[in-house]
Every structure is written in C-alpha cells, then in structure tokens.
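Just so we're clear, the structure is a prediction, and the values are computed from it rather than from any experiment. Throughout, protein chains are lettered first and strands after them, A, B, ... in sequence-line order, and every chain is numbered starting at 1. All values below come from the heavy atoms of this structure, side chains included, with hydrogens, waters and symmetry mates left out.
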Amino acid sequence: MENTPAMRLATWNINSVRLRLQYVLRVLKEYDLDVLCLQETKTQDSSFPAQEIADAGWAHQAIRGEKSYNGVAILSRIPIDGTEFQDWVGKGDCRHISASINGYQIHNIYLPAGGDIPDRNENVKFGHKLDFVSEVTDYFAKIKPVKSVLVGDLNIAPLAEDVWSTKQLKNVVSHTEIERKNLINMQTAGGWIDSVRRFFGPDEILYSWWSYRARDYLASNRGRRLDHIWISSDLEPQIEKVKIHAETRGWEKPSDHVPISLQLS
DNA sequence: ATGGCAAATTGAATTTGA
C-alpha cells in the first residue's frame with residue numbers, strides 16, 4: 001500500500017491567469033501550497049505563464065486552456081506522475097484536468113455556470129449544466145474514487161448555509177432546487193466527502209464568491225459558496241485544516257472567487 | 001429573472017460569467 005503524504009492544496013477560480021499572475025504567485029508562496037488548481041484561466045496553453053510559475057518553484061504543471069473562456073490548470077511543486085482529462089458533454093471545452101501527485105488523484109473541474117434562466121427548455125446553458133453534472137456523477141459512480149480529491153468551481157451552492165439568502169436565491173441559477181439536489185447526488189454517488197463542510201460544520205455561513213456588481217462586497221456580503229474541495233472518504237481522517245482565503249477578495253482588481261485550501265496530514 | 005461589474009476578443013460592441 002502506497003503511503004499518502006501530507007500535502008497542502010488549494011482551488012481558485014482566477015478569472016484570467018494572465019491578468020492575475022502576480023496573485024497566483026503570491027497565493028502559492030503565502031499559503032505555502034504544494035498544489036494549486038485554477039479555473040477560468042481564459043487562455044490557450046501557448047500563452048499560459050508557465051515559465052514564470054515554474055521559476056517560482058511550481059514547475060510541474062498540467063494545463064488545459066482555450067481562447068477567452070474556461071481553462072483549467074494544476075500547478076505543483078511535487079512531480080506529477082500522469083495527467084488526463086474528460087470531455088464531459090462533448091463540447092471540447094476545457095473544464096477538467098486530472099493529475100496524479102504523491103499518490104493522490106486530483107480532479108480539477110470548472111462546471112458550467114448555466115446562464116440566467118433556470119429552465120432547460122428556455123436556456124440551453126442550463127441544460128448543459130444539468131447534463132454536465134449528470135455525466136460527472138455517472139463517471140465517478142463508476143470508478144469509485146479512492147485517494148482522490150475533487151476540487152473546483154462547481155457553480156452550485158448546495159446548502160442553505162452556502163448563500164446569503166436561500167429564500168431570495170431559490171430561483172437563481174446556482175441555488176435552484178434541482179441544482180442543489182443533483183450536486184448532492186453527485187457527491188454521494190461518487191462517495192465524496194465535502195471537506196470544507198466537514199471542517200467548519202453544518203451551521204456556519206460560508207462563501208467563496210462575491211459578485212463584482214456590489215458597490216462594496218463586504219458591506220452587502222451577498223456571497224455564495226460555489227467552490228469546493230471534496231475528498232474520497234478514505235482520506236477523511238487526514239483533514240488537518242481548511243481555509244477560505246476571503247481576504248483576497250479585498251485585493252486590488254481581485255478575482256470574484258477566493259482560494260480555498262486543504263491541508264492533508 | 002429585473003444588479004450596481006469585469007474580462008477577452010475584436011476594434012465600440014458583444015459574449016460570458018453567476
């Protein structure tokens with residue numbers, strides 16, 4: 001049986017890796033991360049700032065980007081043993097990449113946002129989102145992951161305590177009943193544990209995203225927890241620490257999402 | 001569902017995010 005070493009990993013929807021490269025480097029260093037999973041890198045692999053990140057010490061990288069939209073990356077200071085990706089829903093967009101690091105299988109997912117109208121007959125993006133969740137659910141139900149971590153911007157706040165007002169958001173895409181139900185089903189069908197909830201408990205109000213549209217995001221504080229770190233249940237005893245790095249939302253020209261980190265013992 | 005913004009691309013306006 002292979003050993004599973006201590007590791008600190010984080011997930012962050014960066015909303016353009018080129019625009020916020022300095023913040024990527026700062027977060028890697030300040031939070032002393034072994035692995036950082038990014039979403040919405042918004043650039044082709046040829047324009048990804050791989051060299052700058054490698055020079056800072058995170059030389060092992062799995063990158064999958066496209067022009068303008070989407071894009072995922074795994075940055076590691078520990079060697080990557082192998083990478084792969086799935087093309088769920090078959091659109092050829094860059095929403096998943098997986099890497100084997102330290103004996104852990106790490107899945108980085110950028111789930112579709114789903115547009116504005118929560119009805120698949122009126123809004124194909126919402127249908128795409130539901131289909132994507134369904135395919136991811138089936139994928140992990142089949143492979144029954146162990147020694148695995150699933151992170152990313154899942155674009156769904158599953159619990160009432162994951163939004164500023166469950167009543168006011170019940171018809172807003174990201175917190176509708178069907179999305180919440182299907183995401184919980186995705187979690188249970190894959191045998192995943194929500195490490196963030198496990199660490200903070202069920203009652204704490206937790207956000208990882210605040211809209212750019214608020215005049216003052218802290219004053220209005222209308223957040224949602226859209227970003228997640230799930231682990232296979234065999235890793236549950238290794239949850240050492242979880243942090244939601246909310247201070248980054250107050251930085252100059254921030255991403256609208258903040259990093260979440262997990263320390264495995 | 002009706003936001004008060006932001007980013008990338010193409011070249012002032014559009015698409016997407018959530």
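- Protein atom CZ of A:Phe48 is 14 Å distant from nucleotide atom P of B:dA8, rounded to whole Å.
- Spacing between atom CG of A:Leu21 and atom C1' of B:dA7 amounts to 16 Å, rounded to whole angstrom units.
- Look at the P atom in both B:dA18 and B:dA8: the space between them is 14 Å, to the nearest Å.
- Under 4.0 angstrom from either OP1 or OP2 of B:dA7 there lies at least one side-chain N or O belonging to A:Arg20.
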Dump every N/O contact between nucleotides 16-18 of chain B and the protein below 3.5 Å, one line per pair.
| residue | atom | partner | partner atom | Å |
| --- | --- | --- | --- | --- |
| B:dG17 | O6 | A:Arg213 | NH2 | 3.1 |
| B:dA18 | OP1 | A:Glu40 | OE2 | 3.2 |
| B:dA18 | OP1 | A:Asp153 | OD2 | 3.4 |
| B:dA18 | OP1 | A:His257 | NE2 | 3.0 |
| B:dA18 | OP2 | A:Tyr110 | OH | 2.9 |
| B:dA18 | OP2 | A:Asn155 | OD1 | 3.2 |
| B:dA18 | OP2 | A:Asn155 | ND2 | 2.8 |
| B:dA18 | O5' | A:Asn155 | OD1 | 3.2 |
| B:dA18 | O3' | A:Arg224 | NH1 | 3.4 |
| B:dA18 | N1 | A:Arg213 | NH2 | 3.3 |

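- Distance, A:Tyr217 OH to B:dG3 C1': 19 Å, rounded to whole Å.
- Residue pairs meeting the salt bridge (Lys or Arg N to Asp or Glu O under 4.0 Å) criterion with at least one partner in residues 89-107 of chain A, sequence neighbours excluded, are A:Asp93-A:Arg95.
- Comparing the P positions of B:dT15 and B:dG11 gives a spacing of 13 Å, expressed to the nearest Å.
- Looking at which nucleotide of DNA chain B each of A:Lys253 and A:Arg222 is closest to, the 5′-most match is held by A:Arg222.
- Following rounding to the nearest Å, A:Gln39 (CD) and B:dA7 (P) show an atom-to-atom distance of 17 Å.
- Residue whose closest nucleotide on DNA chain B sits further toward the 5' end, between A:Arg215 and A:Val172: A:Val172.
- At whole-Å resolution of the value, CH2 in A:Trp210 and P in B:dA6 are 17 Å apart.
- If you measure from atom CG of A:Leu19 to atom P of B:dC5, you get 18 Å, rounded to the nearest angstrom.
- In the hydrophobic clustering, A:Trp209 connects to A:Leu226, either directly or through intervening members, whenever side-chain heavy atoms lie under 4.5 Å apart.
- Listed by first and then second residue, the side-chain hydrogen bond (donor to acceptor under 3.5 Å, both in side chains) pairs involving residues 23-33 of chain A are A:Arg8-A:Asp32, A:Arg26-A:Glu30, A:Tyr31-A:Glu247, A:Asp32-A:Arg77 (not counting sequence neighbours).
- Annotation: B:dT9 and B:dG3 have their P atoms spaced 26 Å apart (nearest Å).
- Hydrophobic cluster membership for A:Ile184: A:Leu159 (Ile, Leu, Val, Met, Phe, Trp, Tyr linked by side-chain heavy atoms under 4.5 Å, directly or transitively).
- Applying the salt bridge (Lys or Arg N to Asp or Glu O under 4.0 Å) rule to pairs touching residues 163-186 of chain A yields A:Lys129-A:Glu179, sequence neighbours excluded.
- Rounded to whole Å, the C1' atom of B:dT2 lies 23 Å from the corresponding atom of B:dA7.
- Salt bridge annotation for A:Asp256-A:Arg249: absent, with no cationic side-chain nitrogen under 4.0 angstrom from a carboxylate oxygen.
- When each of A:Asp162, A:Val163, A:Asn155, A:Ile156 is tested with A:Arg224 by the rule side-chain contact (heavy atoms from CB on, under 4.5 Å), just one qualifies, namely A:Val163.
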